[in-house]
Amino acid sequence: MALLQIAEPGMSTEPHQHRLAVGIDLGTTNSLVATVRNGIAVCINDDEGRALLPSIVHYRSDGITELGWAAQGAQSRDPRNTIVSVKRFMGRGLKDVTHVESMPYDFVDAEGMVRLRTAQGVKSPVEISADILKILRTRAEASLGGELAGAVITVPAYFDDAQRQATKDAATLAGLNVLRLLNEPTAAAIAYGLDNSAEGVYAVFDLGGGTFDISILRLSRGVFEVLATNGNAALGGDDFDHRLFCWVLDNADIAPPSLQDARRLLLKARYAKEHLSANTDATINTRLDSGERVELTIARDTFVDITRNLVGKTLAPTRKALRDAGLEPSDVKGVVMVGGATRMPHIQRAIGEFFGQEPLNNLDPDKVVALGAAIQANVLAGNRRADDDWLLLDVIPLSLGLETMGGLTEKVIVRNSTIPIAKAQEFTTYKDGQTAMAFHVVQGERELVSDCRSLARFELRGIPPMVAGAARIRVTFQVDADGLLSVAAREMSSGIEASVTVKPSYGLTDDEIAGMLRSSIDHATDDMQARALREHQVEAHRLIEATEAALVEDGNLLDAAERAAITGLLDNLRRLAAGRDAKSLAAAVAEANRATTEFAARRMNQSVRRAIAGQKLDEIKI
Amino acid sequence: MSTDFSQDFFALFGLTPNFHLDPLALETAYHDLQTRVHPDKFAHLPDADKRVSMQWATRINEAYRTLKSPLARAQYLLHLRGVDTATESNTTMPSEFLIEQMEWREAVDEARVAEDADELEKLLLRLKHQYAAAIEEIERDLDKSHDYPAAAAAVRRLMFVEKLQHDLLDAIESLES
């Protein structure tokens, strides 16, 4: 007879719940969603068994939005309202976008980020990306049979702060709880490394549709440590298509093509490029709307010739990444190839020659990033198993700094620093009696501010009047594990404290995102409130569960009064979580979070002390 | 909040506060600590845990970065001994060193202007010897003779060598691209 089970006091009676988590590769050309099922990372396919979703959104004038495969045909039919490669516009102003002249869109140059005027109104790249993410979320929830607890979204390692923030905003807008932004090459390294029990230095060469990353990692005893990363956030397979498209225009005897014809030729160029990966020549044969006929054959050697300098553009960052890592090409044990564009034989050859070894091609370059993200999402959601005890240490790709006198950049955090990282720098006043100071936060490697990416501007006011040079203003940069920056400034020399915290958000404020969420048709007001309540309930239960487990494990770190206070708060939380008052529940969650911070700090202190004690023990053993 | 950041970086990694250290022991301790505190381990937990985790992971990264770099490690050790090397004043530097500095600068500038990659590489190699010599002296001053003023002078020399190395690499890089 089975014995009846009784839980330990304070322990949750529910068995450990498997939380639904996914990894999403939001790609320039294609997007994918993957999850871990029965311990194995798998892509979640659509109803027709396809893993890839073309990153294409068609905003029809009748108000219907078509996505993915359904929108593919509209590219040459309705190019202005069919957005492809939207990733290239994320966190970018119009002047930062290459090949604007050959794009069919109606651009609206807006502060921070470019917008696109479509048949359904002006759309921000964040909204368009959110539409792609929503489809993937729906696909995952239908397949997994429940609401997602969270998602890991991948970004190119070389994405700057604006592009990362835009990606996170898109995920929020799509109703996803972002567990982490994960660098694409790092995701690939996780999938490859765990699969092959790899140890040593590896390079991940990731050439996608619109972005290029090179990351150098050291894998040792379950630790994935990124040593350096470099790249080009505006270089990818799209550029090879564009070269071939230009070659067609030069060689076909046709009048300047219409938007529709240009899009048709660009697509033909892309197919020809793909054909040339397996064949020595390709034919472009099409009749244009103008009635003209294009019939051209291109040899692979010609294609190699016209794209030579694009390949060269991948080698310079590769050299820089190795140099930053303090390594030579021969130190690299394996080169993992990621991204559809690495299928081109001349890319393979160039990388093989550079590293003096055959690149590793034993994984699907289209899927490996999503699979790695799924593995990370599974662990971050708390579904970690005993053998999942690996650790990821990633870096920030570009230096962060402040503008100083004369338009020069003062670097505060240098590129390839391991995140999370915080750094403070002190500044002083320029004039007697100066009571305010303006800060300009920038990202990039160049000395002149005008050559770097402007991230945010803010002012510190209320500095007590002093002689020039007497005030001490400390500016602190904090980069979190997502690679996102927040900046704080405070005046130190006087007793008076004035401080401000800035979270750069590039064109979209939190309020704007909330507004978009509210206005999107599938989120009626009731829905929003129900959703908010559900989110607070999830958070409350998480707090109760985690704190009770902590009390069992480390209750001795609290005295009786402290313990009683926490238990009281948890009881209150439990009561409110059962009700429908979202506002009171949110307040109680915030209060419980504040009240348990001290406990969390003491537990972490103890954990660190134990680690140090362990190290000392090791030393004695030696 | 009582996050306990009282240990110095050496104590944090369970290491003796010497300039000479075993890089493998440092790395092992670093990985061990990050495994306990890294935000990835707390992503499913309440905000309080996430906040504390980020503070610790940030501090441990700072500690590792400081101890891993010989220059930062020497400066940090001197700081623990009450000697400040952060001041960039060269007033206490012997004049022959200042002259040498100028000669180096001129050589680098000349090679840069002439776009002479070979010469830049040669200078880089020569600089590596200088680097090694400075490290050796710092180790002697800090770990053996405990002559902190001498160590501080050697640290300032090393700062110059690192800066020059950086400029040389930049120059080589700009020739390549």
Note to self: On a heavy-atom basis, which atom in A:Ala546 and which in B:Pro46 lie closest, and how many Å separate them?
What the structure shows: CB-CD, 3.5 Å
Next item on the list: Could you tell me which of B:Ser53, B:Ala48, B:Ala57 has the largest number of non-hydrogen atom pairs under 4.5 Å with chain A?
Entry: B:Ala48
Item checked: Sub-4.5 Å side-chain heavy-atom contact between A:Ile421 and B:Arg65 -> yes
Notebook entry, point to check: Hey, are the side chains of B:Tyr30 and A:Val223 touching, using non-hydrogen atoms and a 4.5 Å cut-off?
Noted result: no
Check: Are there more than 12 heavy atoms of other residues, nucleotides or ligands under 6.0 Å from atom CD of A:Glu426?
Finding: yes
Check: Got a donor-acceptor contact below 3.5 angstrom from the A:Asn593 side chain to the B:Asp47 backbone?
Finding: yes
Check: Mind checking whether B:Lys41 and A:Leu391 have side chains closer than 4.5 Å, heavy atoms only?
Finding: yes
Item checked: A:Glu199 atom CD, neighbour heavy-atom count above 12 within 6.0 Å -> yes
Item checked: Those residues that, when tested against B:Phe160, pass ring pair (Phe, Tyr, Trp, His ring centres under 6.0 Å) (two or more places apart) -> B:Phe97
Margin query: Are more than 12 heavy atoms, taken from residues, nucleotides or ligands other than A:Gln606, located less than 6.0 Å from that residue's CD atom?
Written below: yes
Check: Nearest heavy-atom pair of B:Gln7 and A:Val608: which atoms, and what distance?
Finding: NE2-CG1, 4.4 Å
Margin query: To check you understand the geometry: which heavy-atom pair defines the closest contact between A:Asp480 and B:Met54, and what is its length?
Written below: CB-SD, 3.6 Å
Next item on the list: Kindly indicate whether the side chain of A:Val379, heavy atoms from C-beta on, has any atom under 4.5 Å from the side chain of B:Asp40.
Entry: no
Next item on the list: Go through the atoms of B:Glu62 and report whether side chain, backbone, both or neither lie under 4.5 Å from a heavy atom of chain A.
Entry: neither
Next item on the list: Identify which of A:Thr596, A:Val479, A:Val589, A:Leu543 forms the greatest number of heavy-atom pairs closer than 4.5 Å to chain B.
Entry: A:Leu543
Next item on the list: Measure the CD-CG distance between A:Glu545 and B:Leu45 for me, rounded to the nearest 0.5 Å.
Entry: 9.0 Å
Item checked: Proximity breakdown for B:His31 and chain A, heavy-atom pairs closer than 4.5 Å -> both
Check: Pick from A:Lys313, A:Arg323, A:Arg319, A:Glu539: which one has the most heavy-atom pairs with chain B under 4.5 Å?
Finding: A:Arg323
Next item on the list: For residues B:His44 and A:Ala381, report the shortest heavy-atom separation together with the two atoms involved.
Entry: CB-O, 3.4 Å
Next item on the list: Any chance you could measure B:Gln34, atom CD, to A:Leu393, atom CG, to the nearest 0.5 Å?
Entry: 5.5 Å
Notebook entry, point to check: In terms of heavy-atom pairs under 4.5 Å, which option from A:Arg594, A:Glu225, A:Arg603 contacts chain B the most?
Noted result: A:Glu225
Margin query: Does any backbone or side-chain atom of A:Leu315 lie under 4.5 Å from a heavy atom of chain B? Answer side chain, backbone, both or neither.
Written below: neither
Check: Counting distance only, does the side-chain N/O of B:Asn61 pair as donor-acceptor with the main-chain N or O of A:Pro420 below 3.5 Å?
Finding: yes
Item checked: A:Arg574, CZ: over 12 other non-hydrogen atoms inside 6.0 angstrom -> yes
Margin query: So A:Met604 and B:Gln55, do their side chains get closer than 4.5 Å, heavy atoms only?
Written below: no
Note to self: Taking side chain as everything from C-beta outward and backbone as N, CA, C, O, which of these in A:Arg180 sits under 4.5 Å from a heavy atom of chain B? Side chain, backbone, both or neither.
What the structure shows: side chain
